[in-house]
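Working notes, beginning with the structure itself.
Atom set for the values below is all heavy atoms of this structure, side chains included, hydrogens, waters and symmetry mates excluded. To find a chain, count down the sequence lines: A is the first, B the second, and so on, and within it residues start at 1.
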There are 2 protein chains.
Amino acid sequence: MPHPPFAVTVDLVVLTVRAGRFCVLLVERGEDPFAGRLALPGGFVHIDEDLPDAAVRELAEETGTGEGVHLEQLATYGTPGRDPRMRTVSVAWLALAPDLPEPTAGTDAAAAHFVPLDDLDERRLAFDHAAILRDGVERARAKIEYSPLATAFCDTEFTVAQLRAVYEAVWGHPLDPRNFHRKVTRTPGFLDETDRTSTVDGGRPARLFRRGTLEVLSPPLTRGDS
Amino acid sequence: MPHPPFAVTVDLVVLTVRAGRFCVLLVERGEDPFAGRLALPGGFVHIDEDLPDAAVRELAEETGTGEGVHLEQLATYGTPGRDPRMRTVSVAWLALAPDLPEPTAGTDAAAAHFVPLDDLDERRLAFDHAAILRDGVERARAKIEYSPLATAFCDTEFTVAQLRAVYEAVWGHPLDPRNFHRKVTRTPGFLDETDRTSTVDGGRPARLFRRGTLEVLSPPLTRGDS
DNA sequence: GTAATAGTGTCTTTCAGACAATATCGA
DNA sequence: TCGATATTGTCTGAAAGACACTATTAC
């Protein structure tokens, strides 16, 4: 039985919503292969390191912290030749983060930036990262339908309008504020009401909520495809 | 940059429905580690081989064929020590198969058998295969809700009752035949009607259907949790 | 005829989508 | 006062769950 020398890496699809835009964290590569192209943050898994630990470590290296960030395994990519240097198998992870401060440039060699997905020409991406990113974005779009995961894009306390803005940015189309409000506030366990309100968006003060304990929404929210 | 020597394997969660029972394909291990225990079929990925190709190859080795079998990547498992011999990262795949003839014992060293999940004591499983199996079963249970994937457990042509039997076996509880019939036959694209009928289950002959072109059911079928 | 299974129809409830109306703030 | 946003309510249509009823076979 052979057990050939594979290199194993983790790649991160870190998504956030900034100013109403759905964004992904990308680094500009300084070296070949793909020098000057954009890449998902990632790196080698250490020989004695568990896969989630490697993902958390890379996330902390790129964003400074993993506080309040949802992290889940996405899929694994291992086509021969995907990295021209050696045979690598990359375990991709999906991270959903609230609007973080711009990543600290000092930590890693290359600076990482959040890029709005609408502005991104995916041909600028290195390796097979365009495919990984597509899979991550589709997973996020699908998963906020039937889970309360959209709250991972919000701060600890948030208004219904802020949560709605997340859905609108991720799905790319507007939702009816009144029906959305009814759905999220009347699904038991989705949101926990606080006794505070927020005025930052003008108009009548909006109640602040926290994420509830519910894990699965049934029936789900619907993208409506329109 | 280190690129340590990992071994990369594929493991298969091959599920089927036999005689109304939800079953998984398992092999009995002949050698240590875990000699005598049950394991998911699998093996090493060749150094020049793509991951889906390795999964298809292992599936053919264990079942004789991959005809009509749905195959999708499940998740990747790489905790240090999961294989006591070396550091391995295993890409697990989920396969949904119609009721195959009992696997040909001659192909591989160990004989593979379909074991009803109800009869399986998961402590008999080797490595971390109990966790992989749980994830695969949960994926299958969830996915037949919103996709026409339950048809992968059926032959090319099947009756509504046979399809319902698949749902009942996978979810583990009975469904109302009349409401189920309405749902699957009146969801456009789910099923294609043929001009043939079947009498094998007694009673009035049942129309035979084939899988339609629909990929996503919305609204989905519901497990009903009851 | 009876037994068995296939398939249709009907009623009720839940819920999404459309949108009117009211509430509470700042200017 | 007005303008903006929050929140509640109302109507309608789609669809699930419960279940009566009809249809077509084997015996």
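Taking only side-chain nitrogens and oxygens, A:Arg207 never comes nearer than 4.0 Å to OP1 or OP2 of C:dA23. Side-chain nitrogen and oxygen atoms of A:His181 include at least one within less than 4.0 Å of the OP1 or OP2 phosphate oxygen of D:dT8.
The residue A:Pro177 sits apart from the nucleic acid: no heavy atom pair falls under 4.0 Å. Residue A:Asp201 is classed as a sugar-phosphate contact, given heavy-atom separations below 4.0 Å to backbone atoms only.
One can place NZ of B:Lys183 at 15 Å from P of D:dA18, the figure rounded to the nearest angstrom. The CZ atom of B:Arg204 sits 6 Å away from the P atom of D:dT24 (whole-angstrom rounding). A:Asn179 places its CG atom 10 Å from the P atom of C:dC19, with the value rounded to the nearest Å. The distance between atom CG of B:Leu217 and atom P of D:dA15, rounded to the nearest whole Å, is 12 Å. Look at CG on A:Leu208: it is 17 Å from P on C:dT24, rounded to the nearest Å. We find that CZ of A:Phe180 is positioned 12 Å from P of C:dG17, with the value rounded to whole Å. C:dT13 atom P lies 19 Å from atom CZ of A:Arg186, rounded to whole Å. If you take CG of B:Leu163 and C1' of C:dG7, they are 15 Å apart, rounded to a whole angstrom.
When only modelled atom types and interatomic distance are considered, A:Thr16 and A:Asp99 share no side-chain donor-acceptor pair under 3.5 Å. Between the side chains of A:Asp11 and A:Tyr77, no donor N or O sits under 3.5 Å from an acceptor N or O. For the residue pair A:Thr9 / A:Ser90, a side-chain donor-acceptor distance below 3.5 Å is found, with atom types taken as modelled.
Residues A:Gly203 and A:Asp176 each lie close to DNA chain C; by heavy-atom proximity, the contact nearer the 5' end of the strand is made by A:Asp176. Take the nearest nucleotide of DNA chain D for A:Gly202 and for A:Arg178: the residue whose nucleotide is more 5' is A:Gly202.
Counting distance only, with no hydrogens placed and no angle test, the side-chain atoms of B:Arg182 and the base atoms of D:dG17 include a donor-acceptor pair under 3.5 Å.
Note: B:His173 and B:Trp171 have parallel aromatic rings, judged against thresholds of 30 and 60 degrees for the angle between ring planes.
With ring centers used as reference points, B:Phe209 lies 6.0 Å or more from B:Phe158.
With D:dT7, D:dA16, C:dG7 as the choices, the nucleotide that has an atom nearest any side-chain atom of A:Ala206 turns out to be D:dT7. Counting only heavy atoms from C-beta on, B:Thr222 has its side chain closest to D:dG17 among D:dT8, D:dT5, D:dG17.
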